[in-house]
Protein chains: 2
Amino acid sequence: MKRKPSEVPHISIERLILYRRCLLKLSCSEVFHVSSAVLGRITNVKPANIRKDLSYVGEYGKPGYGYEIDKLLAVIEKIIGINKLQRVIVVGVGNIGEALLCYQDWAARGFEIAGAFDKDRRKMGRVINGIEVRGDSEVLPFVKKEGIEIAILATPTEITQSKVNELAHGGMRGFYVFSPIVIDVPGGCYVENIDMISPLEFLVYRLKNKISK
Amino acid sequence: MKRKPSEVPHISIERLILYRRCLLKLSCSEVFHVSSAVLGRITNVKPANIRKDLSYVGEYGKPGYGYEIDKLLAVIEKIIGINKLQRVIVVGVGNIGEALLCYQDWAARGFEIAGAFDKDRRKMGRVINGIEVRGDSEVLPFVKKEGIEIAILATPTEITQSKVNELAHGGMRGFYVFSPIVIDVPGGCYVENIDMISPLEFLVYRLKNKISK
DNA sequence: TAGATTGTTAATCGATTAACAATC
DNA sequence: TAGATTGTTAATCGATTAACAATC
């Protein structure tokens, strides 16, 4: 039963993102099809759960054979919306920002870092992995000219919310934020927020209580 | 109804971690008590959901008044297991590793970076935020001597799994891994794994489908 | 064909939420 | 006391899973 994309459960979308990452790796090693059992072993997801998730996006499996990896990748990318290249910017070029600029798999995952911005004069002009670091004041004209909709914010926590406000005002619609705070955005804007410490705290909990997940 | 810690739903534990982060901030600004309604506004969680989560850890709220922040912090930290200082190591001092070493709130969150390790001779001996970077060969004796149970791995993806194997063999029990791969660990070991790109892909999905969460 | 594996069903399991009596 | 807010209930909502007919 094929649902409209917006009706696919969020948790299934998150797993589809995981499946894709593993499928990309398989397709690099000359594997052409995969069963839910094998993909389940790779991802630690139960085969029935995988088939259920995949059933939301259509019927692409062959009984007795499995799923064709290329076809599956294409349809998952379409559902997620990364079948076309996504151009994003990085704001804040500290250690996290630099790590992002240096990441080698952006293209494979469907993204391009169109620009990087920092307010520190000493960083301006530096070229990291082929990407020039520009001054903060250039960011609004840049995103307008280039039609960028998504920003990755790796700024100091204290200034992150005001940076989001400024960019939202300038038309930015998606924010991927690395500060450990809850971010507010105006209507029509979307934010994903990660706190890199929280999963470590969860790990402590699991360790103490012997919870294998 | 108080359950044993291991019976608190995982998703409630994740929210408790979020509540704690926000409560820590409140307690810094001289706020002494908070209602589920106010905490709900701060965290974007429904008040009923918060009260339900908190009911798993005991009865610490006063009707008409709310929750005493210090008390609540103490009990949440006890449940998660971070009421005592957690000493961890960082393996791999690239950009991500360095960002972790420079993080200023470790102590407030209940952690201490006991040591950092890298196999690059040029990084060995450097002192970052007061933490000396040691050679990779020192890691096993170090963790044995210091009784470290948790390692944060910010290594290149290609070597992460083998590093985990080596450390697990040396007695390490918890692994917090920054590589975008599924990590296998022996029984009795636990792993939390984050892929910094996946949430960005999820953001693209939400943007395309106007899903506010 | 025989073996393998899909897509779907229906039962089970678990999480969320509105409502409200209890109570500070 | 009156107002505010808790902790809990029970209904609702949503996700997981084993099982299996269908089918390549």
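A, B, ... follow the sequence lines: proteins, then strands. Residue 1 opens every chain. When reading the values below, keep in mind they use all heavy atoms of this one structure, side chains included, and skip hydrogens, waters and symmetry mates.
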Q: Quick one: does V182(A)'s side chain get under 4.5 Å of R21(B)'s, heavy atoms only?
A: yes
Q: Nearest-Å distance, NZ (K52(B)) to P (dT17(C))?
A: 12 Å
Q: With under 30° as parallel and over 60° as perpendicular, where do the rings of Y176(B) and F178(B) fit, or are they tilted in between?
A: tilted
Q: Donor-acceptor check, side chain of N83(A) to backbone of A74(A), threshold 3.5 angstrom: yes or no?
A: no
Q: Of the candidate nucleotides dT8(C), dG7(D), dT5(D), which contains the atom at the shortest distance from the side chain of S35(B)?
A: dT5(D)
Q: Using whole Å, what does the distance between atom C1' of nucleotide dG7(C) and atom CG of D53(A) come to?
A: 13 Å
Q: May I ask you to verify if any side-chain N or O of Y67(A) is less than 4.0 angstrom from the OP1 or OP2 atom of dG7(C)?
A: yes
Q: Measure the distance from CD1 on I11(B) to C1' on dA15(C) and round it to the nearest whole Å.
A: 8 Å
Q: Can you pull out how bent the helix from dG3(C)-dC24(D) to dC24(C)-dG3(D) is, comparing the axes over its first five and last five pairs, to 10°?
A: 20°
Q: CG of N44(B) versus P of dT17(C): gap in Å, rounded?
A: 12 Å
Q: Of the candidate nucleotides dT17(D), dA15(D), dA15(C), which contains the atom at the shortest distance from the side chain of N49(A)?
A: dT17(D)
Q: Is a side-chain N or O of N95(A) found less than 3.5 angstrom from the main chain of I96(B), in a donor-acceptor match?
A: no
Q: The side chain of R51(B) lies closest to which of these nucleotides: dA10(C), dG7(C), dC20(C)?
A: dC20(C)
Q: Ring centres of H33(B) and Y65(B) under 6.0 Å apart?
A: yes
Q: Between dT8(D) atom C1' and L54(B) atom CG, what is the distance in whole Å?
A: 14 Å
Q: For L39(A) and dT5(C), what is the distance between atoms CG and P respectively, to the nearest whole Å?
A: 13 Å
Q: Please examine the side chains of S198(A) and E14(B), heavy atoms only from C-beta on, and report whether any two atoms are closer than 4.5 Å.
A: no
Q: Kindly indicate whether the side chain of Y205(B), heavy atoms from C-beta on, has any atom under 4.5 Å from the side chain of E201(B).
A: no
Q: Just how far, in rounded Å, is C1' of dA15(C) from NE2 of H10(A)?
A: 15 Å
Q: Applying the side-chain contact (heavy atoms from CB on, under 4.5 Å) test to E77(A), which of L23(A), L72(A), L24(A) qualifies?
A: L24(A)
Q: Please report the distance, rounded to the nearest Å, between OH in Y60(A) and P in dT5(C).
A: 22 Å
Q: Look at all strands and tell whether S36(A) reaches a base, only sugar-phosphate, or nothing, counting heavy atoms closer than 4.0 Å.
A: sugar-phosphate
Q: Check nucleotides 22-24 of chain D against the protein and report each pair of N or O atoms closer than 3.5 Å, with its distance, or say if there are none.
A:
from    : atom 1 : to     : atom 2 : distance (Å)
dC24(D) : O2     : P63(A) : O      : 3.2

Q: Between Q161(B) and D184(B) (side chain of the first, backbone of the second, donor and acceptor by atom type, cut-off under 3.5 Å), is there such a pair?
A: yes
